[in-house]
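Taking it in order: structure first as structure tokens, then the write-up.
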Amino acid sequence: MAHGRGLSRRTVLMMGATLVMTAACGSGSGGDGKVQVWHGYTDKEAAALDKLVARWNSTHPEQQVEAVFNGGNDNALQKTLASFASGNPPEVAYQYGSSITGLTDRPQTQDLTDAVRGDTAFDWDDLFPAGREAATVNGKIYGVPALVDNLSLVYNKKLFDDAGIAHPTEQWTWDEFRSAAKKLTADGRFGWAYVNDGTEDTVWRFLALLWQAGGDLLSADGKKAAFNSDAGRAAMGLLRDMAVTDKSVYLDAGDQQYLNLFNSGRIGMLWTGPWDLGSINEDVSYGVQVLPGKVTHATIAGPDTFVVFGENGRKNALPFLKWLLSAEIHLEFAMETGHLPIRQSEVDLAGYAEFEAKYPGTEVFVDNLAKNVTKARPNIPQYPKISQILGTAVQSVLLGQAEPQAALDQATGEVDQELAAS
């Protein structure tokens, strides 16, 4: 979850950005009549978006767009809700995928189902499934994917070679992963890194482990916790064994020092997304592989969404978004930013080979979208609270403050209470 370089958590983490359209109580358009698109992009991402906005505006005098920096996507939901209260929301806001259920019951937010599914030129089904799922709640589409990503294994080839460890393969198991991490750990170097600040950045890696072990977060009806299972115990047990017993895990405090340590050769492996590839030093020879597996090699996607507000957003901002997400235009954006393709047809474009050459390893992330992104976090209003509960549980195990079963028991009780109260 979410989300790209330039975002404060460096995660495209809460995987996918959604464009939420709202029927605003007031207009977000400035005095110049431009529709506003709020976003949290900085650096390369902001420059790439601004360039495309300028091109759109040069040929669409009646549908002018203004890209407005929202101060950072971590607080995008709160800022959007505040704009509703003031009566002056934007026409479009970039939101983490986990935020969309906080907007779907608002009168400002548009149901875009007919507008996107019924538009054959837009081709909704060409978008990768993870992005479509993140924008859909109870069968209705409330946004369009802004970003799609997932976690893969990124490793330092030289450290593996120096330690005499065979490079990871598609068949790599948890046991092989743990063994490699232990062998790589020595003299101030760690085999693996795990973000352990208790946020969603902590949780989504645990969910990948849970799914790899054949488990699930909630029961099929969504009314009970399901992670206090053999799979949950296996996932928590692996974290305890590696962090506490083997001491092979660097526990990142949420300040993303893991990347600096990876660049300096002090961390051998990361579970990370494509947003970090462009920040790996040129002198670091790295490889990318699917995540190790137990029952499966499942990974987790963190799509974000563009959400559109108001009739003005539907009329004048949605056409821009559809253009921005067309295969040719989005590939241009990907070339500038390293973002993964958002459509399946992008990989068939003539320029896609150049994209893969510019960002080595991205093909693994793209293949993951089709092969190993098999489950998604539930689009329910209670998810942020569930994530908070699980984040505390995982953190306590990694720090050696709680045994896996005790942490699972505590979290299960709290999650069940949260679900029962809704």
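- S152 and Q289 are not linked by any side-chain donor-acceptor pair at a separation below 3.5 angstrom, with hydrogens and angles left out of the test.
- For the residue pair Q212 and W174, a side-chain donor N or O sits within less than 3.5 Å of a side-chain acceptor on the partner.
- H167 and D161 are linked by a side-chain donor-acceptor pair at a separation below 3.5 angstrom, with hydrogens and angles left out of the test.
- Other residues, nucleotides and ligands place no more than 12 heavy atoms under 6.0 Å from the CD atom of E354.
- Taking the six-membered ring for Trp and thresholds of 30 and 60 degrees, W56 and W323 have ring planes inclined between 30 and 60 degrees apart.
- With salt bridges taken as basic N to acidic carboxylate O contacts below 4.0 Å, none links E332 and K51.
- The backbone N or O of T202 lies less than 3.5 Å from a partner atom in the side chain of Y194, making a donor-acceptor pair.
- L217 and P378 get closest at one heavy-atom pair: CD2-CD, 3.8 Å.
- Side-chain atoms of T113 and D111 form a donor-acceptor pair, as typed in the model, at a separation below 3.5 Å.
- Figure legend: cation-pi geometry between R55 and F333 absent, as NZ or CZ is not positioned both under 6.0 Å from the six-membered ring centre and within 45° of its axis.
- A donor-acceptor contact shorter than 3.5 Å is absent between the side chain of H39 and the backbone of Y94.
- For the residue pair T199 / D197, a side-chain donor-acceptor distance below 3.5 Å is found, with atom types taken as modelled.
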Handout entry: Stepwise ring-ring contact (aromatic ring centres under 6.0 Å, His included) test for F262 and Y258
Key = CA-CA 6 Å; F262 185 82; Y258 68 81; 8.8 Å; no
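- In this structure, Y286 OH and Y155 OH are separated by 11.0 Å, a value rounded to the nearest 0.5 Å.
- Counting heavy-atom neighbours within 6.0 Å of D221 CG, excluding the residue itself, gives a total above 12.
- Counting all heavy atoms, side chain and backbone alike, L127 lies closest to P145 at CD1-CD, 3.9 Å.
- Side chain to side chain, S285 and N156 fail the donor-acceptor criterion of an N or O pair below 3.5 Å.
- A donor-acceptor contact closer than 3.5 angstrom links the side chains of Y383 and E200.
- Across D216 and K375, no two heavy atoms sit closer than the pair OD2-NZ, 3.6 Å.
- Panel note: side chain W271, backbone W192; no donor-acceptor pair is recorded below 3.5 Å.
- Scanning both residues, P319 and Q63, for their nearest heavy atoms gives CG-NE2, 3.6 Å.
- Between the side chain of R178 and the backbone N or O of M242 there is no donor-acceptor pair closer than 3.5 Å.
- N368 contributes no side-chain N or O that, together with a main-chain N or O of N372, makes up a donor-acceptor pair within less than 3.5 Å.
- Within a 6.0 Å radius of NZ in K183, no more than 12 heavy atoms belonging to other residues, nucleotides or ligands are found.
- Side-chain contact, E176 with T173: a donor N or O sits under 3.5 Å from an acceptor N or O.
- A donor atom on one side chain and an acceptor atom on the other are not found under 3.5 Å apart for Y41 and D50.
- Side-chain contact, N196 with Q395: no donor N or O sits under 3.5 Å from an acceptor N or O.
- For S345 and D126, the side-chain atoms include at least one donor-acceptor pair closer than 3.5 Å.
- The two residues S83 and W38 have their closest heavy-atom pair at CB-CH2, 3.8 Å.
- Of all heavy-atom pairs between P360 and V288, the closest is O-CG2, 4.5 Å.
- Listed for the Q388 side chain is no donor-acceptor partner under 3.5 Å among the backbone atoms of P384.
- Counting only N and O atoms by type, the side chains of H330 and E346 include a donor and acceptor under 3.5 Å apart.
- Residues R233 and D230 are paired through a salt bridge, judged by an N-O separation under 4.0 Å between the basic side chain and the carboxylate.
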